[in-house]
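In what follows, a single structure is set out as structure tokens and then discussed.
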Amino acid sequence: MAEERDVFLSARGRTLSAFREDNECRWKAPFYFIQGADPQFGLMKAWANGDCASGGDEWEEEIRLTVQAVQAINQLNPKPKFFVVCGDLIHGMPGTQWRKDQERDLKNVLKNIDQDIPLVFVSGNHDIGNIPTPETIDDYCKHWGDDYFSFWVGGVFFLVLNSQLYFDSSKCPELKQAQDEWLNGQLAVAEKRKCKHVIVFQHIPLFLQNPDEDHDYFNLEKTVRYELMEKFHKAGIKAVFSGHYHRNARGSYKGLEMVVTSAIGCQLGEDTHGLRVVIVTAEKIVHKYYSLNDLSSQGIEKELMDLIKQN
């Protein structure tokens, strides 16, 4: 139980125990992290069968892909500061038949990540439900840690949000209010502290390509979207990284970059199964999506790695 708590329950008390603020609040040097999204054990067969409402009774291919992702990350040198998974860890919705088995198998794969690479988890709609409740969020937190929290790495301030509370909080309005109040406090910290960058992780994108695009399943409703974008802009947030779309996409709003990363698991477009490498320098945030095959066989290209060597 101790090992599981260390690996999977690092997010506690609205921060991440893997990083101590007093050690990490000052800029030291460029670094990088790995972002993945939507391993979603069980979706590939459900999608192939045209029955995505089911929990999916098979996920061998997702296991293989996630094993490949872990192996690709483990062989990187230098090591990434952390590996963040931006939601939809599994496909089975709360209360569905295959959920516990999917969670067990995903943990069995992820526990093989190098012990020096902390895992950061973001809650997705399949993890807490399309319309979350206090019970579904509590269940998620028991298995994967807090649903929202902040942490510092190398002078950069990271915020992890529960985006489902912005999509539909009708069954847990008090939890939405609590996150709003917490977020306002964190954004005030971001404005006051001399952090190099502020970066947000959430499952559902603010938008896919255009800040003014119509609302649908894959983005946030316009009023909510603009409220968040303005808050983020005023606090100096540079980038929001998300998943959910199972395709790559990006756009910008007043200097805020919205980065949508395709899935480790089931692809709904033309992208390949992959991970995003994110380089953080003193001046900028640079990122590139790699297929699992390319990252496994070739690693990160020299031009990107050279950025880390800059002082």
Side-chain angles (χ1 to χ4, degrees), residues 7-8 10-11 16 18 31-44 59 61-76 79-91 102-103 105-114 116-127 144-145 151 153 158 160-161 163 199-205 239-250 258-269 271-280 285-300 304:
V7 175
F8 301 111
S10 181
L16 203 65
F31 64 89
Y32 80 104
F33 62 87
I34 303 294
Q35 184 218 4
D38 302 273
Q40 204 159 341
F41 281 24
L43 175 59
M44 293 180 78
W59 48 92
E61 184 64 8
E62 286 96 333
I63 289 176
R64 184 190 70 78
L65 290 163
T66 310
V67 166
Q68 185 181 7
V70 168
Q71 291 173 343
I73 293 169
N74 283 347
Q75 71 184 15
L76 294 173
K79 296 173 184 176
K81 284 287 189 178
F82 59 88
F83 172 34
V84 57
V85 186
C86 280
D88 280 2
L89 308 174
I90 58 171
H91 183 59
Q102 291 168 359
E103 285 185 338
D105 288 351
L106 178 59
K107 285 188 174 185
N108 282 338
V109 174
L110 292 179
K111 71 183 181 183
N112 293 312
I113 199 80
D114 188 300
D116 294 326
I117 304 173
L119 288 164
V120 180
F121 297 108
V122 181
S123 61
N125 57 302
H126 281 262
D127 305 314
W144 302 101
F151 61 99
V153 176
F158 293 91
V160 174
L161 299 182
S163 57
I199 296 173
V200 171
F201 298 123
Q202 59 188 60
H203 179 61
I204 300 177
V240 177
F241 290 88
S242 70
H244 188 53
Y245 191 43
H246 293 254
R247 286 153 285 202
N248 288 308
R250 62 192 296 184
M258 181 67 246
V259 184
V260 186
T261 295
S262 197
I264 295 170
C266 187
Q267 301 297 311
L268 302 185
D271 296 296
T272 54
H273 311 281
L275 296 165
R276 189 172 299 277
V277 174
V278 185
I279 311 286
V280 183
I285 299 163
V286 180
H287 53 88
K288 181 176 179 179
Y289 185 82
Y290 286 85
S291 73
L292 294 181
N293 288 339
D294 285 348
L295 195 61
S296 298
S297 62
Q298 302 170 24
I300 302 171
L304 284 184

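Keep in mind that the numbers below use all heavy atoms, side chains included, and drop hydrogens, waters and symmetry copies.
Because its NZ or CZ atom is both nearer than 6.0 Å to the ring centre of Phe8 and within 45° of the ring axis, Lys107 counts as a cation-pi partner of that residue.
Scored by the side-chain hydrogen bond (donor to acceptor under 3.5 Å, both in side chains) test, Asp38 finds His246 as partners (sequence neighbours excluded). Listed by chain and residue number, Ile279, Lys284, Leu304, Leu307 satisfy the side-chain contact (heavy atoms from CB on, under 4.5 Å) test with Val286 (two or more places apart in sequence, or in another chain). Listed by chain and residue number, Gln35, Arg276 satisfy the side-chain hydrogen bond (donor to acceptor under 3.5 Å, both in side chains) test with Thr261 (two or more places apart in sequence, or in another chain). Considering only residues two or more places apart in sequence or on other chains, Asn74 meets the side-chain hydrogen bond (donor to acceptor under 3.5 Å, both in side chains) condition with none of them. For Lys288, the salt bridge (Lys or Arg N to Asp or Glu O under 4.0 Å) partners at least two apart in sequence or on another chain are Glu301. Among residues two or more places apart in sequence or in another chain, the side-chain contact (heavy atoms from CB on, under 4.5 Å) test is passed with Gln298 by Asp294.
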Intermediate values then yes/no, ring pair (Phe, Tyr, Trp, His ring centres under 6.0 Å), His287 and Phe241:
CA-CA 10 Å; His287 53 88; Phe241 290 88; 5.6 Å; yes
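With values rounded to the nearest 0.5 angstrom, Leu106 atom CG is found 7.0 Å from Phe121 atom CZ. The CG atom of Leu268 lies 7.5 Å from the OG atom of Ser262; values are rounded to the nearest 0.5 Å. The distance from atom NZ of Lys111 to atom CD1 of Ile113, rounded to the nearest 0.5 Å, is 14.0 Å.
Using a 30° and 60° split on the angle between ring planes, Phe151 and Phe201 fall in the parallel class, below 30°.
Using a cut-off of 4.0 Å between Lys/Arg side-chain N and Asp/Glu carboxylate O, Asp271 and Arg247 are scored as not salt-bridged.
In this structure, His244 contributes its side chain and His203 its backbone to no donor-acceptor pair below 3.5 Å.
Side chains of Asn112 and Gln71: a donor-acceptor N/O pair is absent below 3.5 angstrom, by distance only.
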